[in-house]
Amino acid sequence: MTEQVRVRFAPSPTGHLHIGGARTALFNWLYARNKGGRFVLRIEDTDRTRSTDDYIEAIIQGMQWLSLDWDEGPFRQTDRFDVYRSYVERLLQEGKAYHCYCSVEELEQRRQLALAQGKPQKYDGRCRDLKEPVPGRVPVVRFRTPQHGETVVDDLIRGRVIFENSQLDDLIILRSDNTPTYNFTVVVDDVDMKITHVIRGDDHLNNTPKQIHIYKALGYETPRFAHLPMILGADKARLSKRHGATSVMSYYEMGYLPDALVNYLVRLGWSHGDQEIFSREELIRYFSFENVGNAAAVFNPEKLLWVNQQYIMAASPERLAERVIPFLEKEKIIEEGKELDMVWLGRAVKTLQERAKTLVELAASLRYYISDDIGFQEKAKEKFLTEKSLPLLRDLRNSLVSLTDFSHAGLEPVFKAVVEAHGVKLGALAQPVRVAVTGGTESPGIYEVLEVLGKERTLKRLDTAISSIT
RNA sequence: GGUCCCAUCGUCUAGCGGUCUAGGACGUGGCCCUCUCAAGGCUAAAACACGGGUUCGAUUCCCGUUGGGACCGCCA
């Protein structure tokens with residue numbers, strides 16, 4: 001009987017859900033689903049000055065968009081302050097923690113001095129064995145970190161990482177305003193919530209030995225740790241705002257599909273042979289820490305774009321049609337809330353989906369199908385709506401009038417006949433028609449476009465084009 | 001500065017001692033297909049950071065150098 005896997009994603013609501021956080025959440029989620037375990041969402045909002053409810057909402061929205069569903073929570077640490085304080089009290093009584101009366105300014109001063117002298121920046125432990133309170137000072141509580149021996153982190157991804165205890169300092173676990181700090185709450189919560197695997201970013205590896213000592217002081221077993229490699233920007237520095245979009249929801253706005261983002265993110269650090277595109281089911285089935293790499297990965301927007309295109313091409317036209325609606329509204333191609341023939345829109349999308357890398361592009365390319373006010377591109381008109389193409393267009397128009405089967409199959413022979421009669425190649429007719437009906441020189445196959453447009457609108461546009469020449 | 005982590009094409013990666021004249025993908029160039037644009041097919045250029053070991057044999061194991069990164073907060 002193996003214990004049930006319990007993992008958690010523990011963001012602090014001091015910003016939106018960003019790419020790095022999403023990747024961490026994803027790997028936790030994947031591991032939980034792979035093991036049939038539980039995924040807990042915990043909001044680490046102990047920093048009351050920077051945490052906001054809006055960001056909690058934003059993080060939840062981001063996770064929902066990515067379909068990373070959690071089984072328990074969201075729990076908020078601010079709801080649990082009493083729990084933390086009772087644990088602090090316990091450590092205090094057992095002599096495993098102590099009051100420190102050093103002021104923020106003093107600490108900062110010593111840090112600067114240590115930096116200038118090239119010494120390790122570490123709390124010097126001067127309040128460790130204080131017998132009496134210092135009058136006029138409100139103390140913090142520090143954890144008494146063992147100063148001898150070593151601490152081993154047995155990491156699922158890194159392997160054995162050994163830290164000298166003498167390098168670790170006595171961290172503050174309770175602030176002077178009586179609120180607990182991260183390194184303490186994270187341990188208490190992971191214990192209380194029975195977390196079996198702590199999966200988080202590499203940036204926490206150095207915190208891990210400190211936390212292990214807290215587990216021990218509290219008398220609990222440590223969970224398993226798995227530290228994921230970081231995601232870097234193109235300049236190899238930690239991904240941040242200056243690398244462009246880092247908020248997950250900004251990818252929604254740019255027209256990315258959530259499954260595509262997930263697929264791209266999972267390949268940053270994880271692999272399964274040469275496979276690039278995975279369904280959720282495959283991801284869950286294949287996921288393992290054995291295939292997680294150690295090296296940090298550079299976020300590459302171009303590949304993400306390609307992955308997105310793969311998902312758009314593979315998506316069902318009906319589903320895409322629904323997803324593109326908000327973008328059509330945003331681009332003012334349709335009025336907000338206006339009813340649209342979704343079956344027809346699906347057919348239109350089908351002709352365009354292998355040409356769009358994002359929903360934004362898809363929406364833009366849908367314009368000439370939906371709006372009759374197309375307007376000819378200057379260069380396109382100049383090159384293709386000419387005296388030379390006029391007889392072709394006229395002939396086609398006249399042949400089309402009597403055509404009843406306005407489909408690819410019905411249209412093709414008509415085009416062929418006109419082209420043959422004039423002794424020209426198909427392009428000599430197709431391009432002028434393309435400009436006439438779309439306003440530009442790029443579009444799906446001309447028969448597909450006309451079929452979606454329908455006979456009436458096609459003829460109207462041909463007339464407009466013809467009269468624009470003469 | 002101290003501690004820790006990392007190191008295969010520009011980027012994401014495969015490789016878990018011989019199968020490597022190092023594979024795939026993105027991007028880039030060329031060709032094909034073609035009514036345009038895409039998609040697709042073919043193709044080209046492109047990497048084991050360096051130096052020592054270990055071994056019959058190292059991209060693969062060990063050590064060092066170099067180079068990146070993270071952490072060192074009464075932030076998380």
Side-chain angles (χ1 to χ4, degrees), chain A residues 10-14 44-47 49-51 77 100 102-104 107-108 111 114-123 138-142 153 155 157-158 161-164 167-169 171-177 179-183 185-186 200-209 227 229-230 232 234 236-238 264 267-277 290-291 293-307 309 313 352-357 365 380 384 415 419 425-435 438 440-447:
Chain A
S12 77
T14 55
E44 310 223 322
D45 55 351
T46 55
D47 182 352
T49 57
R50 296 198 304 153
S51 301
Q77 293 191 318
C100 169
C102 299
S103 70
V104 181
L107 257 17
E108 182 54 29
R111 253 195 299 278
L115 192 68
Q117 293 177 167
K119 287 183 182 168
Q121 300 171 46
K122 182 186 160 185
Y123 174 66
V138 182
V140 298
V141 176
R142 280 189 191 269
V153 178
D155 196 273
I157 294 170
R158 310 278 136 185
V161 184
I162 299 168
F163 295 85
E164 290 290 330
Q167 298 292 335
L168 277 23
D169 65 356
L171 60 248
I172 292 170
I173 57 177
L174 195 71
R175 301 183 183 99
S176 52
D177 68 357
T179 60
T181 61
Y182 163 73
N183 277 112
T185 58
V186 73
R200 71 217 322 188
D202 218 354
D203 46 340
H204 287 286
L205 186 54
N206 283 313
N207 286 326
T208 308
H227 287 95
M230 301 265 84
L232 274 24
K236 303 249 179 184
R238 189 181 178 153
Y264 175 71
R267 287 284 291 102
L268 246 35
W270 177 84
S271 63
H272 182 74
D274 285 339
Q275 193 170 342
E276 296 285 352
I277 304 296
E290 296 211 351
N291 302 313
N294 303 314
V298 173
F299 186 82
N300 182 349
E302 307 219 295
K303 183 150 184 186
L304 169 58
L305 199 57
W306 175 81
V307 173
Q309 183 180 29
M313 285 195 295
L352 253 15
Q353 68 188 107
E354 70 179 19
R355 294 170 169 78
K357 294 189 173 73
S365 62
F384 294 108
F415 271 71
V419 159
K425 288 184 179 176
L426 182 57
L429 174 62
Q431 276 304 80
V433 172
R434 177 165 282 118
V435 176
T438 72
T441 57
E442 300 164 13
S443 86
I446 196 65
Y447 309 128

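Note on naming: letters A, B, ... go to the chains in the order of the sequence lines (proteins, then strands), and numbering restarts at 1 for each one. Note that the structure is predicted; figures quoted are calculated from it, not measured.
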Whole-angstrom distance between [N] and [M], as gauged at atom [atom1]:
N: B:A49; M: B:G68; atom1: P; result: 16 Å
N: B:G29; M: B:G18; atom1: P; result: 38 Å
N: B:G27; M: B:A22; atom1: P; result: 24 Å
N: B:A25; M: B:C63; atom1: C1'; result: 35 Å
N: B:A7; M: B:U60; atom1: C1'; result: 14 Å
N: B:G2; M: B:U13; atom1: C1'; result: 34 Å
N: B:C12; M: B:U55; atom1: P; result: 35 Å
N: B:A46; M: B:G24; atom1: C1'; result: 14 Å

Kindly point out which of [options] is positioned nearest to the side chain of [X]?
X: A:Val104; options: B:C74, B:C35, B:C71; answer: B:C74
X: A:Val161; options: B:A70, B:G73, B:C5; answer: B:C5
X: A:Glu442; options: B:C74, B:G40, B:C37; answer: B:C37
X: A:Gln121; options: B:U11, B:C71, B:G73; answer: B:G73
X: A:Ala295; options: B:U11, B:A7, B:A76; answer: B:A7
X: A:Thr46; options: B:A76, B:A70, B:C37; answer: B:A76

Can you see if the side chain of [X] gets near the phosphate of [N] - specifically, an N or O under 4.0 Å from OP1 or OP2?
X: A:Arg434; N: B:C37; answer: no
X: A:Arg111; N: B:C74; answer: yes
X: A:Ser271; N: B:A14; answer: yes

When the nearest nucleotide of RNA chain B is assigned to A:Ala296 and to A:Lys236 on a heavy-atom basis, which residue is associated with the more 5' position?
-> A:Ala296

Of A:Tyr264 and A:Lys119, the one whose closest nucleotide on RNA chain B sits nearer the 5' end is A:Lys119

Indicate the atoms forming the closest heavy-atom contact of A:Ile157 with A:Asn294, along with that distance.
-> O-OD1, 3.2 Å

May I ask which nucleotide in the shown strands pairs with [N], Watson-Crick or G-U wobble, both distances under 3.5 Å?
N: B:C31; result: B:G41
N: B:G1; result: B:C72
N: B:C26; result: B:G10
N: B:A49; result: B:U65
N: B:G18; result: B:C56

Is it true that the side chains of A:Thr179 and A:Asp177 contain a donor and an acceptor less than 3.5 Å apart?
-> yes

Anything under 30° is parallel, anything over 60° is perpendicular, the rest tilted; go ahead and classify A:Tyr264 against A:Phe299.
-> perpendicular

Would you say the base of B:C37 and the side-chain of A:Ser443 have a donor-acceptor pair closer than 3.5 Å?
-> no

Could a donor-acceptor pair under 3.5 angstrom be found where the side chain of A:Arg355 meets the base of B:C37?
-> yes

For the side chain of [X] and the backbone of [Y], is there at least one donor-acceptor N/O pair under 3.5 Å apart?
X: A:Asp45; Y: A:Gln77; value: yes
X: A:Asp169; Y: A:Tyr123; value: yes
X: A:Thr181; Y: A:Ile172; value: yes

Taking atom C1' of B:G69 as reference, at what distance in whole Å does atom CE of A:Met230 sit?
-> 9 Å

Once you round it to whole Å, what is the distance between P of B:A39 and CD1 of A:Ile277?
-> 14 Å

If you restrict it to nitrogen or oxygen atoms, what contacts under 3.5 Å exist between nucleotides 24-27 of chain B and the protein, and what is each distance?
from  : atom 1 : to       : atom 2 : distance (Å)
B:G24 : N2     : A:Glu276 : OE2    : 3.0
B:A25 : O4'    : A:Glu276 : OE2    : 3.2
B:A25 : N3     : A:Lys303 : NZ     : 3.4
B:C26 : OP1    : A:Trp306 : NE1    : 3.4
B:C26 : O2'    : A:Lys303 : N      : 3.4

For A:Glu276, what residues pass the salt bridge (charged side-chain N to carboxylate O under 4.0 Å, His left out) criterion, not counting sequence neighbours?
-> A:Arg267, A:Lys303

Partner residues of A:Thr14 under the side-chain contact (heavy atoms from CB on, under 4.5 Å) criterion, sequence neighbours left out = A:Ser12, A:Arg50, A:Ser51

With a cut-off of 6.0 Å (strictly less than), are more than 12 heavy atoms of other residues, nucleotides or ligands near CD of A:Gln117?
-> yes

